[in-house]
Amino acid sequence: MLQCIFLLSDSGEVILEKQLTGHRVDRSICNWFWDHTNSQPNSYKQQPVIASPTHYLFQVCREGITFLACTQVEMPPLMAIEFLCRVADVINGYLGGLNEDSIKDNFVIVYELLDEMIDNGFPLTTEPNILQEMIAPPNIVSKVLSVVTGNSSNVSDTLPGSTASCVPWRTADPKYANNEVYVDLVEQMDATINRDGVLVKCEINGEVQVNSHITGLPDLTLSFANPSILDDVRFHPCVRFRPWESNQILSFVPPDGQFKLMNYRVRKLKSTPIYVKPQLTSDGGICRLNVMVGMRNDPGKTVDSVNVQFQLPPCILSADLTSTHGTVNILSNKTCTWSIGRIPKDKAPSMSGTLVLETGLERLHVFPTFQVDFRIMGVALSGLQIDKLDLKTVPYRFYKGFRALTRAGEFEVRS
């Protein structure tokens, strides 16, 4: 049972506070949490569960906003973390993005959402489609009407019909002129490459996203050509577990609109689509840097939005870096970003230059870690392939489409 939820900015300011039970949690717990987090190394700052002297704390960070939940009783930690992820996704969908200003501008809607999503500390209604029937998303018209009439509530006077249905995640009896289902495979590649260029870790964290607009109560089945490669699968509540357990087939009655059908992981991949080769040599108070980026394995589709970012060590006084392709920007906090875009086919782009060390320091002893970003449309690098999507129980035909997208997640190259 959760007792309180706080929304914190990246500076530690409490944006929003929601007490969930009769036991009030003092706001000073946020100060303890922030001091504890800042005192820890970077690798420990994103711990999802933290035990304070008085409470158990659960945190989820999204776009610089920290969702912090507190409890004093024993409870499954994954339930609290999953609920905070649902809250973040719902607020992001309602407001069109997560940032401090949009939350402050829509305090009423955020509080109304929390009132419907959790009851006395226990999760209640977390399905976005149902919440949108209960609470109207913000728009200019509703804001003008609230000013004119003085009524700031966006909550509907009647409950959605689906709340009493056996499939509460689906809108009651929707009707469409065109029946369509679109399935997207969205994957993130996490990789770690050591200073010798050896691939230490490479895995895919993926999602199956579905956008469904079908009349009535459809029953869909989705199968993969190679489901054996999937690990750590996690399903939307609409998925029947027994068909997956016996035949690796997803059988479900979909929510109306866009939703996340499942999450999965594919471990121990052997290669990455691009390589990044940093070289650093230092002597006499000067460090020479050269970074080369190129294609390692051609995925058959264009690799674009390629960026390389790294933090200059504190001992660097100044830096002069140039590139043969793209642009190089160095911010005041010593963050260097090399924006490449698409990698040219004829020549691998490179960035080179010199770094001036502090007075009295001959060699560089702290080496940067390079964060790599890229995007590939039309291919799933995990190798996962959709076999077929069938519609049962409904006699009419429907249109179906499939897409794939892979982008870099935590892609690190050490120097």
Side-chain angles (χ1 to χ4, degrees), residues 1-8 15-25 48-49 55-60 62 65-95 98 103 106-138 152-174 210 212 217 234-241 252-263:
M1 180 180 68
L2 297 177
Q3 296 173 329
C4 186
I5 292 178
F6 296 99
L7 269 62
L8 308 178
I15 304 174
L16 182 144
E17 173 186 344
K18 177 65 175 175
Q19 301 290 336
L20 304 175
T21 64
H23 173 79
R24 180 175 179 81
V25 179
V49 182
H55 293 80
Y56 294 108
L57 306 179
F58 309 94
Q59 67 158 331
V60 169
R62 297 282 182 86
I65 304 296
T66 300
F67 294 79
L68 183 69
C70 310
T71 185
Q72 288 182 310
V73 300
E74 292 284 347
M75 65 173 294
L78 286 178
M79 184 181 77
I81 295 168
E82 175 65 18
F83 177 74
L84 290 179
C85 290
R86 294 284 185 96
V87 171
D89 291 340
V90 168
I91 295 177
N92 182 52
Y94 261 78
L95 306 185
L98 274 177
I103 293 174
N106 297 277
F107 265 142
V108 173
I109 286 183
V110 175
Y111 274 111
E112 289 172 345
L113 287 171
L114 291 175
D115 282 336
E116 300 297 339
M117 294 184 71
I118 191 166
D119 182 31
N120 198 34
F122 294 96
L124 185 61
T125 303
T126 60
E127 186 59 45
N129 297 311
I130 306 305
L131 288 169
Q132 288 181 7
E133 289 189 57
M134 301 170 68
I135 302 171
S152 60
S153 176
N154 297 277
V155 181
S156 173
D157 294 332
T158 59
L159 280 175
S162 55
T163 53
S165 168
C166 60
V167 283
W169 53 82
R170 183 168 178 80
T171 305
D173 196 25
V210 179
S212 170
L217 194 66
R234 182 162 58 95
F235 302 113
H236 187 278
C238 69
V239 175
R240 303 179 182 97
F241 186 65
F252 58 99
V253 176
D256 188 45
Q258 190 166 356
F259 68 100
K260 189 189 302 180
L261 181 64
M262 69 176 288
N263 294 73

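- Taking CZ of F58 as the reference point, atom CD1 of I81 lies at 7.0 Å (rounded to 0.5 Å).
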Going through the distances and angles, do L84 and Q59 end up as a side chain to side chain contact (heavy atoms under 4.5 Å, CB included)?
CA-CA 8 Å; L84 290 179; Q59 67 158 331; 5.8 Å; no

Could you walk me through whether V90 and T126 satisfy the side chain to side chain contact (heavy atoms under 4.5 Å, CB included) test, starting with their C-alpha distance in whole Å, then the side-chain angles of each, then the deciding distance to 0.1 Å, before giving a yes or no?
CA-CA 8 Å; V90 168; T126 60; 5.9 Å; no

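- Here the straight-line distance linking atom CZ of F235 with atom CG of N263 works out to 10.0 Å at 0.5 Å rounding.
- With rounding to the nearest 0.5 Å, the separation of CZ in F67 from CD1 in I91 is 4.5 Å.
- A donor-acceptor pair under 3.5 Å links the side-chain atoms of Q3 to the main chain of Q72, judged by distance alone.
- Here the CE atom belonging to M117 is positioned 10.0 Å from the CG atom belonging to L124, to the nearest 0.5 angstrom.
- No side-chain heavy atom of C4 sits less than 4.5 Å from a side-chain heavy atom of H23.
- Between F259 and H236, a ring centre-to-centre spacing shorter than 6.0 Å is recorded.
- Side-chain contact check for Y94 versus N106: every heavy-atom pair is 4.5 Å or farther apart.
- Within 6.0 Å of CZ in F6 there are more than 12 heavy atoms belonging to other residues, nucleotides or ligands.
- Using a 4.5 Å cut-off on side-chain heavy atoms (C-beta onward), L114 and L16 make contact.
- Judged purely by atom type and a 3.5 angstrom limit, T71 uses its side chain to pair as donor or acceptor with the backbone of M1.
- The distance from the CD1 atom of I130 to the CD1 atom of I135 is 12.0 Å, given to the nearest 0.5 Å.
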Dump the intermediate steps for side chain to side chain contact (heavy atoms under 4.5 Å, CB included) on M262 and F252, then the final yes or no.
CA-CA 11 Å; M262 69 176 288; F252 58 99; over 6 Å; no

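- For the pair V253/R240, a side-chain contact is recorded, criterion being any heavy-atom separation below 4.5 Å from C-beta on.
- You'll find the side chain of C238 reaches within 4.5 Å of the side chain of P255, heavy atoms only.
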Candidate pair I118 and K18, rule side chain to side chain contact (heavy atoms under 4.5 Å, CB included), full reasoning:
CA-CA 11 Å; I118 191 166; K18 177 65 175 175; 5.8 Å; no

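- Residues L2 and M75 meet the side-chain proximity criterion, which asks for heavy atoms closer than 4.5 Å.
- Distance check, rounded to the nearest 0.5 Å: CG of N120 to CG of L20 gives 8.5 Å.
- Within the 4.5 Å cutoff, the side chain of R170 has heavy atoms near those of the P254 side chain.
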